[in-house]
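In what follows, a structure is listed as structure tokens, so that the remarks can point back to it.
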Amino acid sequence: MEVVHSEYVPDPDRTHEEMAELQRDLVADAVFADDVDFAPADVALDDPPEDRTPEAGQQTLSAGPAEAYDPEGPPVVVGIDQAFVDDEEAVSAAVAIQDGAVVERAVGRRPLEIPYIPGLLAFREGGAIVDALQNLSVPGDLLVLDGSGRIHFRQAGIATHVGVVFDTPAIGVAKSLLCGEPRESLDQYFEAGERVAIEADDEVEAPTGDVIGYAFQSRQYPNPEKRHVNPLIVSPGHRVDEETAVDFVEALCAGYKLPEPTRLADRDVGRLK
DNA sequence: GCGACAG
DNA sequence: ATCTTGTCGC
């Protein structure tokens with residue numbers, strides 16, 4: 001894939017104030033509304049068989065060699081995840097999926113220049129992600145990032161940042177809430193499929209009360225009282241609205257908490273260490 | 001100053 | 001994110 005807005009490529013070599021300013025600039029080019037030429041149903045994965053037990057295995061997508069990419073085929077969804085090597089290098093893995101099969105895997109690396117700072121994650125891990133996506137030869141139609149998108153102090157989470165840099169539809173999938181106010185307490189158990197809107201509060205640079213994302217329960221155990229799963233925090237990155245972002249994530253989940261593209265990238269980056 | 005904070 | 005074996009529940 002190729003960078004479209006090079007002026008927004010995250011550069012660790014600048015002050016925190018300049019980073020925040022770059023985020024405000026790129027948000028002006030971010031689109032939190034649908035601008036995608038395909039629907040969640042077009043990339044939906046098969047529902048998991050009911051009889052799946054750990055022993056039977058839940059492998060939904062092949063972990064083996066990539067299948068052939070079809071330029072005329074269904075949309076390509078790219079899952080991306082990061083890991084760190086000795087706290088000195090960020091490694092990013094991108095896995096491209098088309099028609100339920102892996103068509104390509106790419107890796108990106110970048111030295112870790114700055115520490116983790118809430119709100120400035122893209123400047124720590126973004127370089128490796130951009131590197132991985134540039135190493136991806138097939139054009140991704142939808143990017144699924146681990147982290148927030150619009151659910152961010154300046155509405156410029158890592159999913160928004162990367163989505164705008166490549167001007168490609170993107171979604172942020174986080175495991176915990178960075179900011180914003182859930183309409184309903186998340187300190188309770190939800191059933192698979194439930195969604196709780198996250199609204200902007202006074203620490204988000206958006207009209208207070210605006211829905212900026214959702215807590216989405218992708219899966220749940222039979223008896224949450226004994227064993228439960230926490231909801232995913234989904235927010236639009238670029239060119240998708242809040243509801244559509246969740247619809248895509250739901251379509252991409254195949255029996256596990258995380259959407260399949262993310263799981264595969266997770267696994268890739270894990271064995272790369 | 002206090003509190004809150006993706007990965 | 002990362003350090004890490006066994007252990008509980010499905």
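Every chain is numbered from 1 and lettered A, B, ... according to where its sequence line falls, protein lines coming before strand lines. Since this is a predicted model, take the numbers as computed values, not measurements.
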| Side chains of Tyr214(A) and Glu243(A): donor-acceptor distance under 3.5 Å anywhere? | yes
| message | Under a 3.5 Å cutoff, is there a donor and acceptor pairing between the side chains of Gln82(A) and Asp146(A)? | response | yes
| query | Which whole-number value in Å describes the distance from Asp86(A) CG to dC3(C) C1'? | reply | 13 Å
| field | Test item: Glu2(A) and Leu133(A) side chains (from C-beta on) under 4.5 Å apart, heavy atoms | value | no
| message | In this structure, how many angstroms lie between the P atom of dT2(C) and the CG atom of Leu112(A), rounded? | response | 11 Å
| query | Given dA1(C), is OP1 or OP2 found less than 4.0 Å from the side-chain N or O atoms of Lys273(A)? | reply | no
| task | Find which nucleotide of DNA chain C each of Arg227(A) and Asp266(A) is nearest to by heavy atoms, and output the residue with the more 5' nucleotide. | result | Asp266(A)
| query | Can a cation-pi geometry be assigned to Arg124(A) and Tyr116(A), taking NZ or CZ under 6.0 Å from the six-membered ring centre and within 45° of the ring axis? | reply | no
| query | Do the rings of His228(A) and Tyr189(A) sit parallel, tilted or perpendicular, given the 30° and 60° boundaries? | reply | tilted
| request: Indicate yes or no: does Asp268(A) engage Arg105(A) in a salt bridge with an N to O separation below 4.0 Å. | output: yes
| Asp167(A)-His238(A) side chain donor-acceptor pair, cut-off 3.5 Å | yes
| query | Whole-Å distance between dG9(C) P and Asn223(A) CG? | reply | 10 Å
| Do Ser137(A) and Glu104(A) get their side chains close enough for a donor-acceptor pair, meaning under 3.5 Å? | yes
| request: List the protein contact pattern of nucleotides 2-7 of chain B with one symbol per nucleotide (5' to 3'): B for base contact, S for sugar-phosphate-only contact, - for none; contact means a heavy-atom distance under 4.0 Å. | output: ---BBB
| task | Any chance you could encode DNA chain C as dot-bracket? Rule is Watson-Crick or G-U wobble with both distances under 3.5 Å; [ ] for pairs crossing earlier ones, | for another strand. | result | ..........
